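As structure tokens, the structure follows; a few thoughts come after it.
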Amino acid sequence: MQVIALSDVGVRRGESWLLKDVNWVVDEADRWVVVGPNGAGKTTALTIAATRMFPTTGEVSILGERLGRVDITDLRPRVGFASSSLLRDIPMHEAAADVVMTSAYGVTGRWREAYEAEDRERAHRLLEEWGAASYAARPFASLSEGERKRVLIARALMSDPELLLLDEPGAGLDLAGREELVSMLADFARRPQSPSLVLVTHHLEEIPPGITHALLLGQGRMIAAGPLEVTLTNDLVSRTFGMNFDVRRIGERWSAVMRQS
Ligand SMILES: Nc1ncnc2c1ncn2[C@@H]1O[C@H](COP(=O)(O)OP(=O)(O)O)[C@@H](O)[C@H]1O
Ligand SMILES: [Mg+2]
């Protein structure tokens, strides 16, 4: 199944196109990274895939359902979305476990007093899986950047989605925090029973092993899309970022440094 299919997608705001002529298909078994500089349109593309935004032009199908023809309230819980763009909707005073649980109802905020015991157990299991159990009871506001990232990932998984979208999960983490996250994401990406995965980054160092494909975005345009080996090339990465790079692969990890001429 195609979990994401964008066809000639464009997003216009005022005079500028945040995305233009985007044609991107994600198959169920594939694990994608979206790479590009700041302002390239990565969050915009992910927000469309998360069914939280409609494009100005083109057609979008998510999990085989055409946006515009499907009841979005049925489709939305099937897509897990973690992005700092959602932070403004998170009640900062709530305990981490409650922040995870509230997503089961597709709402933010603890509007219902009694949660099902099942939901509570699931939220704790997810926090445990992502190494966040020790601060499950702490207010979200009191958590570090890295701790918040893990809680937001657990939250995105609460509805047992078929597609998981992570917008810059590594942003703001220190080196050890980044490496821990990369390793957890690698385990997740490699598990066949995991949902389809798309994550956004602007650092090749943050691409977890297990990721199979890359979409390169530069200034709202697709530079390339396909398997890592054919997309993470010196030429394509340099065009994406507008600077000459040497792309290196060390085992299953990637890095890019400015080319010394
Ligand atoms: N409502 C808007 N009106 C005009 N420009 C916008 C609007 N929303 C986002 N942008 C701009 O669109 C560009 C792409 O944004 P975004 O998708 O967040 O990029 P990325 O996630 O790759 O950094 C950015 O330059 C951003 O400032
Ligand atoms: Mg962004």
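Any value given below was found using the heavy atoms of this structure, including those in side chains, with hydrogens, waters and symmetry copies removed. Worth saying up front: this structure is predicted, and the values here are computed from it rather than measured. Order of appearance sets the numbers: ligands from 1, and atoms from 1 within every ligand.
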- Considering distance alone, does some N or O of Thr43 sit under 3.5 Å from an N or O of ligand 1? yes
- Residue Thr44 vicinity, atoms of ligand 1 by number, heavy atom under 4.0 Å: 15 (O), 16 (P), 17 (O)
- Task: Classify the ring geometry between Trp24 and Trp32 as parallel (under 30°), tilted (30 to 60°) or perpendicular (over 60°).
- Result: perpendicular
- Can Ser16 be said to touch ligand 1, with heavy atoms closer than 4.0 Å? no
- Just need the protein heavy atom nearest to atom 23 (O) of ligand 1, so name the residue and atom and give the distance. Gly39 N, 2.7 Å
- Message: Within the supplied structure, the quantity of interest is the number of heavy atoms (other residues, nucleotides, ligands) at a distance under 6.0 Å from Arg249 CZ; does it exceed 12?
- Response: yes
- Message: Are any of the N/O atoms on Ala40, whether in the backbone or the side chain, positioned under 3.5 angstrom from an N/O atom of ligand 1?
- Response: yes
- Message: Would you say Glu206 and Thr201 are linked by a side-chain donor-acceptor pair, where the criterion is simply a distance under 3.5 Å?
- Response: yes
- Flag the pair Leu185 / Leu166 as yes when at least one side-chain heavy-atom distance between them is below 4.5 Å, and no otherwise. yes
- Item | Under-4.0 Å protein heavy-atom contact, atom 27 (O) of ligand 1 | no
- Under 4.0 Å to a heavy atom of Asn38 - the qualifying atoms of ligand 1, by number: 23 (O)
- Message: Quick one: does any side-chain atom of Asp21 pair with a main-chain N or O of Asp8 as donor and acceptor, under 3.5 Å?
- Response: no
- Check whether NZ of the Lys or CZ of the Arg Arg148 lies under 6.0 Å from the centre of the six-membered ring of Phe140 and within 45 degrees of that ring's axis. yes
- Do you see a donor-acceptor pair shorter than 3.5 Å between the side chains of Asp235 and Thr233? no
- Query: Do you see an N/O/S atom of Ser83, backbone or side chain, under 2.8 Å from the Mg ion (ligand 2)?
  - Reply: no
- Query: Which atoms from ligand 1 have a heavy atom of Arg13 less than 4.0 Å away?
  - Reply: 1 (N), 2 (C), 3 (N), 4 (C)
- Taking heavy atoms and a distance under 4.0 Å, where does Pro37 meet ligand 1: side chain, backbone, both or neither? backbone
